[in-house]
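Below, chain A is the first sequence line, B the second, and so on; all start at residue 1. Keep in mind that this is a model prediction, so the values were computed, not measured.
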Protein chains: 2
Amino acid sequence: MNKTLKEMDVLRQHLEKHQLKLTRQRELILTAFLRQEHITAEAMYHQLAKKDPHLGLATIYRTLNLFCEAGIAQARHFGTQTQYDNISHKGHHDHLICTGCGTIVEFENCEIERLQEEVATKNGFVIQTHRLELYGLCSRCRH
Amino acid sequence: MNKTLKEMDVLRQHLEKHQLKLTRQRELILTAFLRQEHITAEAMYHQLAKKDPHLGLATIYRTLNLFCEAGIAQARHFGTQTQYDNISHKGHHDHLICTGCGTIVEFENCEIERLQEEVATKNGFVIQTHRLELYGLCSRCRH
DNA sequence: TTTGAAATTGATAAACCGTCTCAAGAGGAT
DNA sequence: ATCCTCTTGAGACGGTTTATCAATTTCAAA
Ligand SMILES: [Mn+2]
Ligand SMILES: [Mn+2]
Ligand SMILES: [Zn+2]
Ligand SMILES: [Zn+2]
């Protein structure tokens, strides 16, 4: 029973609007991507290499970037690595990252968001984007 | 009247403790660095390339990283560029960055800091570091 | 002051991560 | 099925930072 994915439709619409084509690779990568919360291009590459050993790394990058343009993914730069965040079913959020095991926890805090706006206004700025990342040790990594 | 700089002493102590040497280059770079609030290695390189003997780019990087270890500087990754933040006379702070002109404004907001701790605790984390950057347009860049 | 072991320097190679190039292949409107 | 356009995969390339290494400098001890 292959249920019609909302995200596949989002992609199809984006492709249509921009005269792009729905390829086997794009379907494959989207299906795999939607199983993840956050994933790097490299990890996606290795994961898919098992299925289709000829998927090029450049195609992974191109396709994940396409998903960003379509609003399905968002590139997040944590420390040195870039994680593609599956935002198809999420609103804005920020992250807690464990420096021990790499676990990524998402959170939303509207009070912090409000205070950010307040700080910006106080300094004459209008915010376009922001980054908030908390790095530390999760309970398991502290034993 | 060459007043004795507190930062030069901090550097001297750090060098002594680690069996490192005080070189003409390190003095030169420190003096120039202390005139800045935030600066990239590349900018520092160009600023100093005109003077004196010729300073290699590798030396600039090595020395700025040395300052970080000595607690005089802190590397901050804004967008794609790495700014070395002169923290010799500052406590913890975060930044507002204008995407129009590149202006960097520092701010401290203990209420945000407190809420960050609260979020971390709620998720079983103990924070080691954090990044908070607000990107937007300053009043001049909005006209 | 001279000496010499150890640290430092500058030039440049290399690593890293992602994008660009381009010839060959695939998509899809007609 | 045709044919124009878009996409793909392999590898070259680019920007930024670090590693390498022979020559030079520092500085403590003689
Ligand atoms: Mn996320
Ligand atoms: Mn600062
Ligand atoms: Zn952990
Ligand atoms: Zn501005």
Side-chain angles (χ1 to χ4, degrees), chain A residues 8 11-30 32-33 38-70 73-85, chain B residues 8 11-33 38-70 73-85 102:
Chain A
M8 193 61 82
L11 178 61
R12 256 191 277 266
Q13 275 186 38
H14 179 85
L15 296 175
E16 198 168 337
K17 176 158 38 170
H18 296 81
Q19 290 141 282
L20 305 178
K21 292 171 179 175
L22 181 59
T23 63
R24 190 173 54 82
Q25 288 88 338
R26 285 172 178 169
E27 287 189 300
L28 237 156
I29 297 171
L30 181 56
F33 179 66
H38 304 92
I39 192 164
T40 64
E42 197 71 30
M44 186 104 260
Y45 177 62
H46 287 120
Q47 187 174 113
L48 290 174
K50 296 162 195 162
K51 295 193 153 193
D52 184 339
H54 293 296
L55 271 182
L57 182 55
T59 300
I60 303 287
Y61 274 107
R62 281 188 291 235
T63 306
L64 289 174
N65 290 339
L66 172 69
F67 294 171
C68 290
E69 278 150 30
Q74 198 159 56
R76 303 270 196 173
H77 307 274
F78 296 150
T80 52
Q81 56 176 7
T82 300
Q83 296 273 350
Y84 285 85
D85 193 338
Chain B
M8 192 61 82
L11 178 61
R12 255 191 278 264
Q13 275 186 38
H14 179 85
L15 295 175
E16 198 168 337
K17 176 158 38 172
H18 296 81
Q19 291 142 279
L20 305 177
K21 291 169 179 175
L22 180 59
T23 62
R24 196 163 51 82
Q25 286 88 339
R26 285 173 177 167
E27 287 188 300
L28 240 154
I29 297 171
L30 181 56
T31 303
F33 179 66
H38 306 91
I39 191 164
T40 64
E42 197 71 30
M44 185 104 260
Y45 176 62
H46 287 120
Q47 187 173 111
L48 290 174
K50 302 160 196 164
K51 302 190 145 189
D52 240 70
H54 176 65
L55 289 182
L57 182 56
T59 300
I60 302 287
Y61 274 107
R62 281 187 292 235
T63 305
L64 289 173
N65 289 340
L66 173 69
F67 294 171
C68 290
E69 279 150 29
Q74 200 159 54
R76 304 270 197 174
H77 307 274
F78 296 151
T80 53
Q81 56 175 242
T82 300
Q83 295 273 352
Y84 286 84
D85 193 336

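We find that OH of Tyr45(B) is positioned 10 Å from C1' of dA11(C), with the value rounded to whole Å. Nucleotide dT9(C) holds its C1' atom 15 Å from the CG atom of Leu22(B), rounded to whole Å. In this structure, Leu15(A) places its CG atom 10 Å from P of dT8(D), rounding to the nearest Å. Counting to the nearest Å, the P atom of dA7(C) and the NZ atom of Lys17(B) are 18 Å from each other. Rounded to an integer number of Å, the gap from Arg12(A) CZ to dC6(D) C1' is 18 Å. Between Leu57(A) atom CG and dT19(C) atom P there is a gap of 10 Å when expressed in whole angstrom units. In this structure, Glu27(A) atom CD and dA26(C) atom P are separated by 15 Å, rounded to whole Å. The distance between atom CG of Leu64(B) and atom C1' of dT16(D), rounded to the nearest whole Å, is 14 Å.
Arg62(A) comes within contact range of at least one nucleobase, with a heavy-atom separation under 4.0 Å. Counting any heavy atom pair closer than 4.0 Å across all strands shown, Glu42(B) reaches no nucleic acid atom. In this structure, Gln19(B) reaches the sugar-phosphate backbone alone: every heavy-atom distance under 4.0 Å involves primed, P, OP1 or OP2 atoms, never a base. Looking at heavy-atom distances under 4.0 Å, Leu55(A) makes contact with sugar-phosphate atoms alone, never a base. At a threshold of 4.0 angstrom between heavy atoms, the contacts of Gln81(A) with the nucleic acid are absent. Using a 4.0 Å heavy-atom cutoff across all strands shown, Thr80(B) reaches no nucleic acid atom at all.
Residue Thr23(A) places none of its side-chain N or O atoms closer than 4.0 Å to OP1 or OP2 of dC6(D). Contact between the side-chain N/O atoms of Arg26(B) and the OP1/OP2 oxygens of dT8(C) is found at a separation under 4.0 Å. The phosphate of dA26(C) (OP1 or OP2) has no side-chain N or O of Gln25(A) nearer than 4.0 angstrom. Using a 4.0 Å cut-off, some side-chain N or O of Tyr61(A) falls inside it from OP1 or OP2 of dG18(C). At least one side-chain nitrogen or oxygen of His54(B) sits closer than 4.0 Å to the OP1 or OP2 atom of dA11(C).
Considering only heavy atoms from C-beta on, His46(A) comes within 4.5 Å of Glu42(A) through its side chain. Tyr84(A) has its side chain out of reach of Phe67(A): every pair of non-hydrogen atoms, C-beta onward, lies at least 4.5 Å apart. For the pair His14(B) and Leu66(B), the minimum side-chain heavy-atom distance is below 4.5 Å. Using a 4.5 Å heavy-atom cutoff, the side chains of Arg26(B) and Leu20(B) are in contact. The side-chain heavy atoms of Ile29(B) and Thr59(B), taken from C-beta on, include a pair separated by under 4.5 Å. Using a 4.5 Å heavy-atom threshold, the side chains of Lys51(A) and Leu28(A) count as touching.
Out of dT7(D), dC27(D), dG9(D), the shortest distance to the side chain of Leu20(A) is found at dT7(D).
Residue Lys21(B) places a side-chain atom within donor-acceptor reach of the base of dA6(C), judged by atom type and a 3.5 Å distance cut-off alone.
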